[in-house]
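First up is the structure itself, then whatever we jot down about it.
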Protein chains: 2
Amino acid sequence: MHADEDIMPMAEREPSPRKGSRTAARVRASALKLFARHGYAAVSMRQIASDVGVQPSALYNHFPTKQDILKDLMLSHMRDLLDAWPPFADEAGQSADPLDVFVRFHIRYHLQRREEVFISYMELRNLEPESFAEVEAERRRYESILKAILEDGQKSGAYRIADTGVAARAIIAMLTGIPNWYRENGPLSADKIEEIYLEMVRGSVAATPLTASIESD
Amino acid sequence: MHADEDIMPMAEREPSPRKGSRTAARVRASALKLFARHGYAAVSMRQIASDVGVQPSALYNHFPTKQDILKDLMLSHMRDLLDAWPPFADEAGQSADPLDVFVRFHIRYHLQRREEVFISYMELRNLEPESFAEVEAERRRYESILKAILEDGQKSGAYRIADTGVAARAIIAMLTGIPNWYRENGPLSADKIEEIYLEMVRGSVAATPLTASIESD
DNA sequence: TGAAAATGAATGATCGTTCATTTACTTTTC
DNA sequence: GAAAAGTAAATGAACGATCATTCATTTTCA
């Protein structure tokens with residue numbers, strides 16, 4: 001839509017491209033951090049203002065309400081996520097298997113944008129109905145990417161899946177849980193995590209459900 | 001594992017077993033519903049009192065603070081969950097496979113106690129550090145049940161798992177996501193859901209990662 | 001009769017938001 | 001290029017509403 005500090009303003013009053021302090025972007029950054037840490041309802045406009053280094057009333061030069069800040073953060077996150085797909089060939093591994101590509105992409109993106117991801121799940125219920133519907137629509141669009149991959153593999157006989165919609169949700173839930181426990185400085189590299197989950201995901205949809213030896217006929 | 005209305009007080013002032021209105025239990029029920037729907041931080045003591053049908057000050061005859069209500073709900077949920085394991089032979093299917101039993105148990109329990117489950121995940125950050133540590137310890141105990149099952153299967157050669165701790169978290173994340181989308185009156189029966197997820201979980205840890213045809217020797 | 005439970009009123013604190021005013025900066029004019 | 005004009009951004013004070021909690025008093029009930 002236009003460039004603000006770096007990217008992505010949305011609902012606030014459109015600032016002409018000044019060269020100044022880019023307050024709107026700093027409001028977004030502070031709100032993102034605070035909402036992720038304490039939750040939308042537990043964060044006050046005064047806290048955000050204080051973190052930005054400005055008086056509370058100044059926030060209203062950039063966002064009409066607190067709700068609009070949340071809306072901005074969540075919608076721009078969903079758009080960024082969908083814009084980032086598909087990854088460039090040098091990202092997310094160079095496998096030819098679309099499921100591999102998706103799994104690696106999802107894990108990397110979700111580990112890179114922890115706060116955005118966290119907010120976009122946790123604060124759904126604090127969105128006004130219209131914004132909720134928008135975010136939900138984007139989420140379904142994302143889900144349908146994986147669903148299409150699973151359907152293709154199903155048709156080709158590579159996968160055996162009872163319900164591709166359910167499977168897509170199951171896989172995404174599994175992958176999205178990673179940032180809840182994974183720590184950069186932990187014993188496992190991000191690459192190793194990708195491999196472990198990739199293997200589990202492949203197994204969960206593989207055309208040999210649990211009867212590995214019965215498959216012989 | 002327990003009846004909702006009567007037993008299970010915890011942090012509030014212990015009421016002698018009067019036969020009266022059991023207000024404490026009604027406070028728990030209202031708070032559970034409201035916290036699940038709007039979030040702890042967005043629910044006021046006045047709302048809870050109004051839902052119970054009592055004046056706000058009356059709540060303090062049963063719980064010293066709002067925080068204690070949350071603590072009570074979350075800790076008693078975790079204890080109930082752990083107490084409910086292992087299921088009786090006539091619950092959660094009668095499979096001899098411990099993984100089957102766990103998966104069915106987890107799905108059923110989480111579909112039966114949606115609000116408790118939801119709160120216990122969403123409101124973790126609103127707990128005081130000490131209570132958080134307690135809940136977290138219980139969560140790890142639960143996780144270790146599955147981890148032990150995976151380790152056994154690993155040793156016996158039934159499963160092939162790179163990291164049983166990671167696999168346990170992955171499986172639990174996958175299963176715990178079900179209540180987010182599953183609806184009783186939807187197209188899928190709870191039993192069908194169990195079967196679908198069971199097959200996916202089995203596949204994700206099966207000793208035939210993705211090389212289905214190499215298993216022939 | 002005694003204790004638990006509920007009431008009604010009040011506490012000070014904090015909430016999101018508004019607004020008149022001042023400050024900072026860009027654009028226009030000379 | 002400097003001064004003037006114009007606009008966006010920030011301030012400081014204030015609004016009414018609502019917050020969790022307290023407490024003296026009354027009611028309920030064993």
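By convention in this document, chain letters (A, B, ...) are assigned in the order of the sequence lines, proteins followed by strands, and residues within each chain are numbered from 1.
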**Study point:** First encountered from the 5' end of DNA chain D, between A:Leu59 and A:Arg46
**Key:** A:Leu59
Review point. Going by an N to O cut-off under 4.0 Å, is there a salt bridge joining B:Lys71 and B:Glu130?
Key: no
Revision key, fill the gap. Here the distance between atom P of C:dT17 and atom CG of A:Asp68, to the nearest Å, is 9 Å
Exercise for review: Using a heavy-atom cut-off of under 4.0 Å over every strand shown, decide if B:Val52 touches base, sugar-phosphate, or nothing.
Suggested key: nothing
Point to revise | Between P of C:dA5 and CG of B:Asn61, the distance in whole Å | key: 6 Å
Check your understanding: Think B:Thr65 has a side-chain N or O under 4.0 angstrom from the OP1 or OP2 of D:dA20?
Key -> no
Review point. NA contact type, B:Ser44, heavy-atom cut-off 4.0 Å: base, sugar-phosphate, or nothing?
Key: sugar-phosphate
**Study point:** Salt bridge present between B:Arg139 and B:Glu136 (N-O < 4.0 angstrom)
**Key:** yes
Review point. Any ion pair linking B:Glu143 and B:Arg169 (charged N to carboxylate O, less than 4.0 Å)?
Key: yes
Check your understanding: Quick one: B:Ile69 CD1 to D:dT21 P, roughly how many Å, whole number?
Key -> 9 Å
Point to revise | Salt-bridge criterion met for B:Arg202 and B:Asp100 (N-O under 4.0 Å) | key: yes
Check your understanding: Whole Å only: how far is the CZ atom of B:Phe63 from the P atom of C:dA6?
Key -> 12 Å
Review point. How many Å lie between NZ on A:Lys66 and P on C:dG16, as a whole number?
Key: 5 Å
Exercise for review: Quickly work out the B:Tyr60 OH to C:dA9 P distance and round it to whole Å.
Suggested key: 18 Å
Exercise for review: On DNA chain D, check which nucleotide each of A:Val54 and B:Ala58 is closest to and give me the residue with the more 5' one.
Suggested key: A:Val54
Review point. Hey, is the side chain of B:Ser57 poking within less than 4.0 Å of OP1 or OP2 on C:dG8, counting only N and O atoms?
Key: no
